[in-house]
2 protein chains.
Amino acid sequence: MGKRKAAVPDISIAKCGYSLLLEIIASKWAVLAIYAMEGGAVRYGEFLRRIEGISKKMLTQTLRQLERDGLLERDVHDTIPPGVEYRLTPLGRSLLIPLRHMKSWAVDHYPLVREARDAYDKRSDQDAGSEREEQHSSRG
Amino acid sequence: MGKRKAAVPDISIAKCGYSLLLEIIASKWAVLAIYAMEGGAVRYGEFLRRIEGISKKMLTQTLRQLERDGLLERDVHDTIPPGVEYRLTPLGRSLLIPLRHMKSWAVDHYPLVREARDAYDKRSDQDAGSEREEQHSSRG
DNA sequence: CTGGATCCCTATTGATACTG
DNA sequence: CAGTATCAATAGGGATCCAG
């Protein structure tokens with residue numbers, strides 16, 4: 001086993017587990033769509049109403065991708081008017097578990113992130129302003 | 001508390017924990033950059049070499065955002081040539097934990113996803129081909 | 001009601017060149 | 001080596017119309 005360059009374990013992280021992950025839930029819509037199905041089957045129009053800001057195009061595209069990846073299944077009811085239900089497959093459900101950890105992290109640490117942002121922005125403000133003046137921002 | 005429509009717990013999932021999360025690690029580069037720093041401090045050029053496909057522009061932008069969110073800190077060494085090291089803050093490190101769960105999920109389930117994709121694509125192939133012929137694909 | 005197809009615009013991103 | 005500025009290409013995403 002050639003072990004000459006032991007300093008850097010991986011010279012390229014393009015093919016790591018995270019890349020696989022990102023290949024699956026690349027878009028934010030995918031995550032939100034999965035979240036929408038957490039409680040059970042969801043209909044097309046329901047997605048549209050619950051996921052604020054999503055367009056039909058993006059919704060269809062997202063659902064198709066998730067279906068292709070085996071994360072959800074489509075139930076088509078041949079009624080009039082037609083009804084289509086989307087539900088998570090066992091594979092899709094299994095993704096919910098790590099996803100919930102991420103969500104918990106976000107909820108728990110978001111205040112810290114906001115603080116950091118605030119501090120960073122204030123600092124940048126000072127840096128920019130220090131060139132011509134000292135400070136004049138009174139908005140806390 | 002108006003509890004008239006109890007059927008749908010949340011009519012809009014645009015402001016949920018996942019949205020907060022996506023606000024922080026929206027881009028795939030952010031995840032890969034964090035991963036790159038898992039083992040310790042990383043220098044600018046090192047990111048460029050290890051994260052295949054990233055451009056200087058995207059790298060800078062990503063690092064800036066992560067710094068702003070308090071996930072990493074910049075160490076500037078005033079030497080010649082200048083050296084800048086990036087390392088995860090405790091906050092950034094705390095994100096590694098749920099992130100590893102996601103990575104594990106991806107690694108564990110990727111084969112299933114590939115199977116699903118394969119099956120889906122084959123199915124689509126048949127659907128498209130069945131219009132003019134039955135089947136002629138001998139490539140397994 | 002579901003969702004495919006089209007047009008179109010804007011934001012994201014990559015390549016290059018330049019500075020400290 | 002680290003980072004910025006500019007420009008051009010691309011595709012992500014929205015609005016609309018149409019069909020099953």
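Just so we're on the same page: letters track the sequence lines, and every chain starts at 1. Here the structure is a predicted model, which means the values were calculated and not measured.
- Checking A:Thr89 against A:Glu73 by side-chain atom types alone, no donor-acceptor pair falls below 3.5 Å.
- Where A:Lys28 and B:Tyr44 each meet DNA chain D at their nearest nucleotide, the meeting point lying more 5' is that of B:Tyr44.
- Other residues, nucleotides and ligands place no more than 12 heavy atoms under 6.0 Å from the NZ atom of B:Lys28.
- The NZ atom of A:Lys57 sits 10 Å away from the C1' atom of D:dA15 (whole-angstrom rounding).
- Under the 4.5 Å side-chain criterion, counting only non-hydrogen atoms from C-beta, B:Tyr35 is not in contact with B:Leu96.
- Dashed line: the shortest gap from a side-chain N or O of B:Ser55 to OP1 or OP2 of C:dG14 is under 4.0 Å.
- Place B:Gly83 and A:Pro82 on DNA chain D by their nearest nucleotides, and B:Gly83 ends up nearer the 5' end.
- Rounded to an integer number of Å, the gap from B:Arg64 CZ to D:dA2 P is 14 Å.
- Nearer to the 5' terminus of DNA chain C, by closest-nucleotide assignment, is the contact made by A:Pro81 (compared with the other of A:Pro81 and A:Gln61).
- The same ILVMFWY cluster, assembled from side-chain heavy atoms under 4.5 Å apart, contains both B:Met58 and A:Tyr18.
- The distance between atom CG of A:Leu48 and atom C1' of C:dG3, rounded to the nearest whole Å, is 10 Å.
- As rounded to whole Å, 15 Å separates atom C1' of D:dG13 from atom CD1 of A:Ile51.
- The side chain of A:Arg43 places no N or O atom within less than 4.0 Å of a non-bridging phosphate oxygen (OP1 or OP2) of C:dC1.
- Checked against D:dT4, D:dA15, C:dT2, the side chain of B:Lys56 finds its nearest nucleotide in D:dT4.
- Looking only at side-chain heavy atoms (C-beta outward), A:Arg87 and A:Asp75 come within less than 4.5 Å of each other.
- Whole-Å rounding puts the A:Met58 CE to C:dG4 P distance at 12 Å.
- In this structure, A:Arg74 reaches the C:dG3 phosphate: one of its side-chain N or O atoms is under 4.0 Å from OP1 or OP2.
- Distance B:Asp78 CG to D:dG3 C1': 14 Å, rounded to the nearest Å.
- The nearest whole Å value for the distance from the CZ atom in B:Arg49 to the C1' atom in D:dA2 is 12 Å.
- Within 4.0 Å (heavy atoms only), B:Tyr86 reaches sugar-phosphate atoms of the nucleic acid but no base atom.
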